[in-house]
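Working notes, structure below.
Note that these values count all heavy atoms, side chains included, but never hydrogens, waters or copies made by symmetry.
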Amino acid sequence: MTNETARTGAVGAPELRDLDWDAEAAAFDEEPDHGLRDPGVRAAWADRLRSWLPERPADVLDLGCGTGSLSLLAAEQGHRVTGVDASPAMVERARAKLAGRDAVVLHGEAGAPPVGEQRFDVILVRHVLWTLPGPDRVLRHWRALLRPGGRFVLVEGVWGTVHPVGIPAGRLAALLAPLSPDVRVERLSDDPLLWGRDVDDERYAVVATV
């Protein structure tokens, strides 16, 4: 089991916590918002990412990067990207996807990325934080990896109705308040192009500058 247990856009079943992500890696990109193979879905994520990331080239740390689809978009927009994933199979696919780009993909846990003393302008995380024990502690650790003026870009949500899982936007904003004077929540549920279909659960991004 890896920490990146919320990567599927259809999260909600408790059994997802027990998925073998190495085994899932081969089919991971078949989900529209994972592989970004549909031009419309890819363009929608590229547009959002462009609005969240700095205009100048920046050092981006993509935690729980999966097969590297968001890392690739960031690299295509001129950023220097470090991806981290706990699944060796995901790392292998991300490295292949990012070959020839200004990017490196490391094997490691999202909550404690193996980046040493390196610091970043952006920490990018999608559908990962809610799975990590002690999200407040994790956010403080990630904060220490950001340069002054850096930013969090956190894409999260709440999935399921009978046994909902995830982090509500209000709770995540509250967790970030002691770390950032500027926390902005952007609703994503009402943009079906991001997911390849209509969705009715809570999906959002938080951009917080430190």
Subject >> Joint cluster assignment, Val153 & Val60, ILVMFWY side-chain distance < 4.5 Å >> reply: yes

Original post:
Considering all heavy atoms of both residues, which atom of Leu193 and which atom of Ala44 are nearest to each other, and what is their separation?
Top reply: CB-CB, 3.8 Å

Original post:
Looking at CD of Glu31 and CZ of Arg197, how far apart are the two atoms once the value is rounded to the nearest 0.5 Å?
Top reply: 6.0 Å

Subject >> Cluster check Leu70, Val91: I/L/V/M/F/W/Y, side chain < 4.5 angstrom >> reply: no

**OP:** Provide the closest heavy-atom pair for Leu129 versus Leu139 in the form atom of the first, atom of the second, distance.
**Re:** CD2-CD2, 4.0 Å

Subject >> Asp191: salt bridge (charged side-chain N to carboxylate O under 4.0 Å, His left out) partners, not counting sequence neighbours >> reply: Arg48

Subject >> Leu72 with Val104, same ILVMFWY side-chain cluster at under 4.5 Å >> reply: no

**OP:** Apply salt bridge (charged side-chain N to carboxylate O under 4.0 Å, His left out) to Arg147 and list each qualifying residue two or more places apart in sequence or on a separate chain.
**Re:** Asp59, Asp121

Original post:
Are any of the side-chain heavy atoms of His127 and Val155 separated by less than 4.5 Å?
Top reply: yes

Original post:
Is any side-chain heavy atom of Val206 closer than 4.5 Å to a side-chain heavy atom of Glu156?
Top reply: no

**OP:** Keeping to residues at least two apart or across chains, list the salt bridge (Lys or Arg N to Asp or Glu O under 4.0 Å) pairs with something in residues 63-75.
**Re:** none

Original post:
So, do Met90 and His107 sit near enough that their side-chain heavy atoms are less than 4.5 Å apart?
Top reply: no

Original post:
Quick one: are Pro113 and Leu106 in side-chain contact, heavy atoms under 4.5 Å?
Top reply: no

**OP:** List the atom of Ala169, the atom of Val185, and the distance in Å for their closest heavy-atom pair.
**Re:** CB-CG1, 4.0 Å

Original post:
For residues 133-153, which residue pairs qualify under ring-ring contact (aromatic ring centres under 6.0 Å, His included), counting only residues two or more places apart or in two chains?
Top reply: none

Original post:
Please, which pairs that meet ring-ring contact (aromatic ring centres under 6.0 Å, His included) have at least one residue in residues 42-66, sequence neighbours excluded?
Top reply: Trp45-Trp195

Subject >> ILVMFWY cluster, Val125 and Trp159 together (side-chain gap under 4.5 Å) >> reply: yes

Subject >> Pairs flagged by side chain to side chain donor-acceptor pair (under 3.5 Å) wherever residues 164-185 is involved - sequence neighbours left out >> reply: Arg184-Glu186

Original post:
If we only count heavy atoms from C-beta on, is the Gln77 to Leu49 side-chain gap below 4.5 Å?
Top reply: yes

Subject >> Any side-chain heavy-atom pair of Leu194 and Val199 under 4.5 Å >> reply: no

**OP:** Taking the side chain as every heavy atom from C-beta outward, state whether Ser69 and His34 have any pair of such atoms under 4.5 Å apart.
**Re:** no

**OP:** Report yes if the side chains of Arg119 and Leu146 come closer than 4.5 Å at any heavy-atom pair, otherwise no.
**Re:** no

